[in-house]
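Data first, discussion second: the structure below is written as structure tokens.
Hydrogens, waters and symmetry mates are skipped; everything else that's a heavy atom, side chains included, is used. Along the sequence shown, residues are numbered consecutively beginning with 1.
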Amino acid sequence: MEVAKSILTIPVQDPPQDDFSSIDLSWTKYGSDQHHDDVALIPYHRVDAFIFGESSILEYPTRFHIERGRRRLQASLKHYKSDDYLEYRVYWCSFGPENYGEGGGILYSRRYRLNTRNRAARPQSMRGCTCHFTVKRLYARPSLALIIYNNRRHHVNKSGSVCHGPFDRDAIGPGANKIPYICDEIQQQTMSMIYLGIPEENVLQKHIEGLQRYCASNPKVNCLASQYVHKLGMIIKRTTHELDLDDQASVRLWVERNGKSKFFYQDTSQANAFILGIQTEWQLQQMIRFGHQSLMAIDSTFGIKKLKYPLCTLLVFDSRQHALPVAWIITRSFAKQDMSKWMKALVDRAHALDPTWKTSGFLVDDAAAEVDPIRDIFCCPVLFSLWRIRRSWLKNIVKKCTNIEVQREMFKRLGQIVHGIWGGVNSSNSMELFIQDFVDQTTFLHYFKAFWLPKIEMWLGTMKTYPLASQEASSAIEAYHLKLKQKLYDDSHLDSLQRVDWLVYKLTTELHSSYWLDRYADESDSFQNVKEEYISSTSWHRAQQIPDDVVVFDQKDHLFAKVPSQNDITVARTVWNPGSEFAFCDCSWSMSGNLCKHVIKVNMICNNHPGYVDSMSFHSFRDILTRLCQKPPDDSIALDKSVAWTSQMLDQIQRLVELSKSKDIGSLVNTLPLQWVAKKGRTFSSRPPLVLALPPTLRPCTKKADPRKNRKRKRLSQLG
């Protein structure tokens, strides 16, 4: 829009309505190219009509008060400009400019809070609204008024969020102070259900049930609750991820508005890569709760081909050993320096709430991942998970090979190559033999040579170096990966995959609400259908529902196992190469590249039979202990420390095994040894402790007590 240099070129507007607002006016940019404002000229006698109309906007009902003003006498200026004022008044929304809420305060120029009686629909609420405009009665033309709208983004605070009215997330409408108490838990539950697309009738029913914990049910409460749910749903439906047409500017606005959900932000520049770390307050609580003295995992490089920036997720394992996302990092840089930045910010945030917080281990799924920042910042050992390489190999074998017998044989041979790292087998020779034996599978070999062969030594070396994670952990991480893929790769959103603000919106609304509702349903024993779906969301838990006695093994050559279907007895799934992480099942879930329940169930049983090979995670654990025994320390104090640490470790492992196998936690607790706690020291409230007298020269300088206070204490003691 062209900037007007002179006020004489701005037309005078006089809308025909009795009352009008800024929507009814055409605004002109006035000023210089560097600094200009939105202005409009109206007759001076229509100023009150404009103020009344601006206060009566349905979306932002409010009042405007005069924040400051000036006045000049006519003929007081000998020389004046066309925009000099005769009267000058700044009208400010009565929900500002101060913010008496969380994180707010009074203006720095004031030493007290203004009397807000009768200033707004809720006079006790000062929410830091920045909406204000200036009315200048022109000195040269007293019959006209120049309206300067300093901030035409209606009724937002400094962070850019709507701070009052029906679109206010914290208080819906001017009558919000009459709505029954709505705690954060009820509000989050209602928002989660709306985000997940649950019908409004069901949302209202659960919302009223939550309110009944704090107040009795009556028609007025139900009516107000219905209005609350409807307006909250209206806000969520009208909310968009595009805060600005430019994606980078939109992300900056989100960071400014959501300071509590952002733990690290680094904008793109020539020297720095883009990094955005997201963690809500609820995710921080879950990380402290389930990550302390437990395991954390990372699902790295999600969407590296489809998204603008890859997504990295930090996971913890909750009370049911399901993977729970506790932080999202959006970045393309996996350099050691950049990883150290956001990891340190994350750990510092946890230590700010719990200085003793410490994780016991960290699972990675990429052989190229930098592990030094994890060791230095999280101060814990690193484990490696096979789920990503297993999924990639199986998915491409099924996709690029048509013969099912060739599929299972190729997958078995790749598993043998991986398992051979502990037997001293030359992996290069094994790879050459594998390529020669399946030379006719040109489509898969072309993919394998281009993508895996150049870095296979790195992956095998990583598996050999680090302890391997179990199948339960792999199935939990894979379940989260599949749920994330389902939420983000919806057909209706494919045009938004290259926008970061859309990714942030999807993570913090739909995905966050889904996991919050899962945890709430499990802990409160509500939403039974949600709870059942959450419990059975991993293949490990689905495998536990299959009885052991229904699994039939090939007793002769141990080549396969039969697992009958739980829904149809006439259908049985065949698992080839039982006992191995690279077992091949003919079910549809496994043929999609996933770790199915049939493979896990067969491997559970094989671990207790001597005729089958041990799991790779147990083989890795045994290899570490073997190497430790081969290099014992000399007969010194170092040996004593090693024995003490090993005994402590074995005792903890034994307790964990008992806890996982026990069905009665009470009987297990009774077997634990008693731990005596020191009694709290006695406090001396009536008689002060004895203090040795020091010479006057060595006594510290103390402030003399006010005699008036001493007299007051004496009077109080006499009254007592």
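Between the side chains of N529 and Y534, no donor N or O sits under 3.5 Å from an acceptor N or O. A donor-acceptor contact closer than 3.5 angstrom links the side chains of Q188 and S192. Using a 3.5 Å distance cut-off with no hydrogens or angles, the side chains of T356 and D354 do pair a donor with an acceptor. No side-chain N or O of T331 forms a donor-acceptor pair with one of S333 less than 3.5 Å apart. Side-chain contact of K483 with S537: a donor-acceptor pair under 3.5 Å is absent, judged by distance alone.
Within 6.0 Å of NZ in K344 there are 12 or fewer heavy atoms belonging to other residues, nucleotides or ligands. Residue E523 qualifies as enclosed at atom CD: its count of foreign heavy atoms under 6.0 Å is above 12. Environment of CD in Q293: crowded, with over 12 heavy atoms of neighbouring residues, nucleotides or ligands closer than 6.0 Å. Atom NE2 of H230 sits in a sparse spot, with 12 or fewer heavy atoms from other residues, nucleotides or ligands closer than 6.0 Å.
Under 4.0 Å is where a charged nitrogen must lie from a carboxylate oxygen, and between D548 and K601 at least one such pair does. At a threshold of 4.0 Å, the pair R320-D318 does not count as salt-bridged, since none of the basic side-chain nitrogens sits closer than that to a carboxylate oxygen.
Residues Y265 and I275 form no side-chain contact, since every pair of their non-hydrogen atoms from C-beta on lies 4.5 Å or further apart. For the pair Q566 and I546, the minimum side-chain heavy-atom distance is below 4.5 Å.
Remark: side-chain polar atoms of Q321 are not paired, donor with acceptor, to backbone N or O of A473 under 3.5 angstrom. A donor-acceptor distance shorter than 3.5 angstrom exists from the side chain of N603 to the backbone of S580, with no hydrogens or angles considered. S514 places no side-chain N or O within donor-acceptor distance of the main-chain N or O of E510, the cut-off being under 3.5 Å. Judged purely by atom type and a 3.5 angstrom limit, K358 uses its side chain to pair as donor or acceptor with the backbone of C379. The main-chain N or O of Y309 is never found under 3.5 Å from a side-chain atom of R332 such that the two would form a donor-acceptor pair. Side chain of N594 to main chain of W589: a donor-acceptor pair is present (N/O by atom type, distance under 3.5 Å, no hydrogens or angles). At least one donor-acceptor pair closer than 3.5 Å links the side chain of S620 to the backbone N or O of L468. Remark: the backbone N or O of G461 is paired with a side-chain donor or acceptor of T465 at under 3.5 angstrom. No donor-acceptor pair under 3.5 Å is formed between the side chain of H207 and the backbone N or O of T190. Side chain of S250 to backbone of L243: a donor-acceptor contact under 3.5 angstrom is found.
Between Q283 and V326, the closest heavy-atom pair is CB-O, 3.4 Å. Residue L517 comes nearest to F527 through the heavy atom pair CD1-CE1, 4.1 Å, listed as atom of the first residue, atom of the second, then distance. Nearest heavy atoms, V382 versus R375: CG2-CG, 4.0 Å.
The aromatic rings of W516 and Y520 lie parallel to each other, with less than 30° between the two planes, well short of the 60° mark.
Rounding to the nearest 0.5 angstrom, the gap separating the CD atom in Q189 from the OG atom in S526 is 6.5 Å. Distance check: K597 NZ to S539 OG gives 9.0 Å after rounding to the nearest 0.5 Å. The CH2 atom of W357 lies 5.5 Å from the CZ atom of F378; values are rounded to the nearest 0.5 Å. For the atom pair M339 CE and W342 CH2, the distance stands at 5.0 Å (nearest 0.5 Å). Rounded to the nearest 0.5 Å, atoms CG (L595) and CG (L394) are 9.5 Å apart. Note that the OG1 atom of T280 and the CZ atom of F263 stand 11.5 Å from one another [nearest 0.5 Å].
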Cut-off 3.5 Å, no hydrogens considered: what does the side-chain donor-acceptor table look like for residues 361-369, sequence neighbours left out?
unit_1	atom_1	unit_2	atom_2	d
D365	OD1	S300	OG	2.8
D365	OD2	W387	NE1	3.4
D365	OD2	R388	NE	3.2
D365	OD2	R388	NH2	2.9
D366	OD1	A368	N	3.1

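The aromatic ring centres of F290 and F317 sit 6.0 Å or more apart. Aromatic pair Y489/F302: centroids less than 6.0 angstrom apart.
Annotation: side chain to side chain donor-acceptor pair (under 3.5 Å) contacts of K206 (sequence neighbours excluded): none.
Annotation: cation-pi geometry not satisfied between R519 and W282 (NZ/CZ under 6.0 angstrom from ring centroid, within 45° of ring axis).
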